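All remarks here apply to the structure that follows.
One-based numbering, in listed order, for ligands and for the atoms of each. Excluded from the calculations below are hydrogen atoms, water molecules and symmetry mates; all remaining heavy atoms, backbone and side chain alike, are included. Quick caveat, the model's predicted, so the values are computed rather than measured.
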Amino acid sequence: MLKTLFAAALLAVIPSLAMAEPIIIAHRGASGERPEHTLAGYERAIDQGADYIEPDLVLTKDGVLVVRHENEIGGTTDVAAHPEFADRKTTKTIDGTQITGWFTEDFTLAELRTLRARERLPEVRTANRRFDGLYQVPTFEEVLKLIEAKNAETRRRIGVYPETKHPSYFASIGLPHEAPLLAMLERFGYVSADDPVFIQSFEVDNLKALRTKTRLRLVQLVASAEGPADQKSLQYADMLTLEGMKQIAAYADAIGAEGTLIVNSDGSDTGFVARAHEAGLQVHMWTLRAENMFLPPSMKRGDDPAAHGDFAGAVRAIVATGVDGIFSDFPGLARAALKP
Ligand code: G3P
Ligand code: CA
C-alpha cells in the first residue's frame, strides 16, 4: 500500500514517468542524412530505430503510387537535366497555387524510373549532396517490400505511415489515391487497427471516405495556419477547439499537428495535447529537425543556421506535453534523446 502511494506521489511530481514513450516516425526517411524519400533513407531510419517510416504518396500517369513529397519533381530529382523531358515542363494550379515544373502525373512509372533523386536542401544539408544521382524514386510497393525485408532481418515490426498528397487534385484528374493505397496495404497484410499503419492527410474528405473502407488508423494533419485544400470555408484553427477535435475523432484516430500548436516558442505546453486526448485523439507532432534554422530561438546553438542546435532539448520539451508520436528528419537522434 505504502509502495503504491509512493509510486503515485512520484508520478504526480514527475509526470513524464507516467507517459508511454512516443513513437518515432522517420519523416520522409532519415532525411537529415540522406535525400528524402529514398530507399536508402528509409533503411537508415529503420537501422537507427525508427518505429515508423513515412512515405508521402503521389501517382504516376499509369496510376502507380510513388513516393514524393509533392507531385512537382523538379526540386528533388534530376529531371531538369533530362533533355528528353524538357517539353514536359509546364505550369499547373495545384490546391490553388500556380506551380511550374515537372509533375509525376505526366510521367509513366518507366519514365520516372530513369530519374535520380537529389537532396532538397543542398545548402543546408551539404553532406547529402554526395548521394545525388544515386537513388531512384521508389514505388510504395518497394517501401513495403523494404519493411518486409527489415522485419525479417531485425525481428521487429516496423510501421508505415503513408500520406496522401494532394488527394482531391489527383481524384480530379482521374487518379484517386484510396483504392490503390488500400489494395497495396492489404496485399502486404495490413488490414486492421492493430496493424502498424497510420494513413494521414491534410485534407478531410479522403479520410472520411477511407473511414468507410478500412479499419486501419487514420490521422488528420493540421497546420498552424490556413485550412484543408478540400474545405474552402474551413480553417485548421476552427478544427482545433475541443468540439472541432471531437468531430475529427468521428473519422480519425489521431491528429498530426505542427509543433508550434503543441509547444510555445519558450518550450512551454500550449495545452493542445491534453485537449486532443480529451477528444479521444492521439497526437503526433511534425516535424523535429536538428538544424538551428528549424529550432525555436531558445534551442539554437551558435550562428550557423545549418549547424545542429539543442535537438535533445527540443525532443524533451515535446515529450513533456504527453505527445504520442514525433516526426523527425533525424530518427536516430530522436531515439537517443528519448533515452533516460
Ligand atoms: O506528414 C507529417 C508531415 O510530414 C507534414 O508535413 O509537408 O512534410 O508532409 P510534410
Ligand atoms: Ca508528410
Inset, instruction - Without swapping roles, check the side chain of Gln200 against the backbone of Val219 for a donor-acceptor pair under 3.5 Å. - result: no
Inset, instruction - Of all N, O or S atoms in Asp56, identify the one at the shortest distance from the Ca ion (ligand 2). - result: OD1
Legend entry - Ligand-residue contact atoms, ligand 1 with Asp56, heavy atoms, under 4.0 Å: 9 (O)
Legend entry - For atom 4 (O) of ligand 1, closest protein heavy-atom neighbour: His27 NE2, 2.9 Å
Inset, instruction - Could you check atom 1 (O) of ligand 1 against the protein and tell me its nearest heavy-atom contact, residue, atom and distance included? - result: Gln200 OE1, 2.5 Å
Inset, instruction - Output yes when Lys92 and Glu72 qualify as a salt bridge under the 4.0 Å nitrogen-oxygen rule, no when they do not. - result: no
Legend entry - N/O donor-acceptor pair under 3.5 Å between Glu141 side chain and Met184 backbone: no
Legend entry - Heteroatom of Glu54 nearest to the Ca ion (ligand 2) (N, O or S, atom name): OE2
Inset, instruction - May I ask you to check if ligand 1 and Thr287 share an N or O to N or O distance below 3.5 Å? - result: no
Legend entry - Phe170 and His166 aromatic ring geometry - parallel, tilted or perpendicular at 30°/60° bounds: tilted
Inset, instruction - Check for a donor-acceptor pair, side chain of Lys165 on one end and backbone N or O of Glu70 on the other, with a separation under 3.5 Å. - result: no
Inset, instruction - Work out whether the distance between some heavy atom of Glu54 and some atom of ligand 1 is less than 4.0 Å. - result: yes
Legend entry - Atoms in ligand 1 flagged as close to Leu221, the criterion being non-hydrogen separation under 4.0 Å: 1 (O), 2 (C)
Legend entry - Subset of ligand 1 atoms that lie under 4.0 Å from at least one heavy atom of Arg28: 7 (O), 8 (O), 10 (P)
Inset, instruction - Give a yes or no on whether the backbone of Asp195 and the side-chain of Arg217 come within a donor-acceptor separation of less than 3.5 Å. - result: yes
Inset, instruction - Say whether, by atom type as modelled, one donor and one acceptor occur between the side chain of Glu54 and the main chain of Ala26 under 3.5 angstrom. - result: no
Inset, instruction - Kindly assign one of parallel, tilted or perpendicular to the pair Tyr161 and Phe327, based on the angle between their ring planes and the thresholds 30° and 60°. - result: perpendicular
Inset, instruction - Could you find the nearest protein heavy atom to atom 7 (O) of ligand 1 and give me its residue, atom name and distance? - result: His69 NE2, 2.6 Å
Inset, instruction - Check whether any side-chain heavy atom of Phe198 lies under 4.5 Å from a side-chain heavy atom of Ile23, and answer yes or no. - result: yes
Inset, instruction - Report yes or no: does a heavy atom of Tyr161 sit under 4.0 Å from some atom of ligand 1? - result: no
Legend entry - Nearest-contact summary for atom 9 (O) of ligand 1 - protein heavy atom, Å: Lys165 NZ, 2.7 Å
Legend entry - Atom name of the N, O or S atom in Glu163 that lies nearest to the Ca ion (ligand 2): OE1
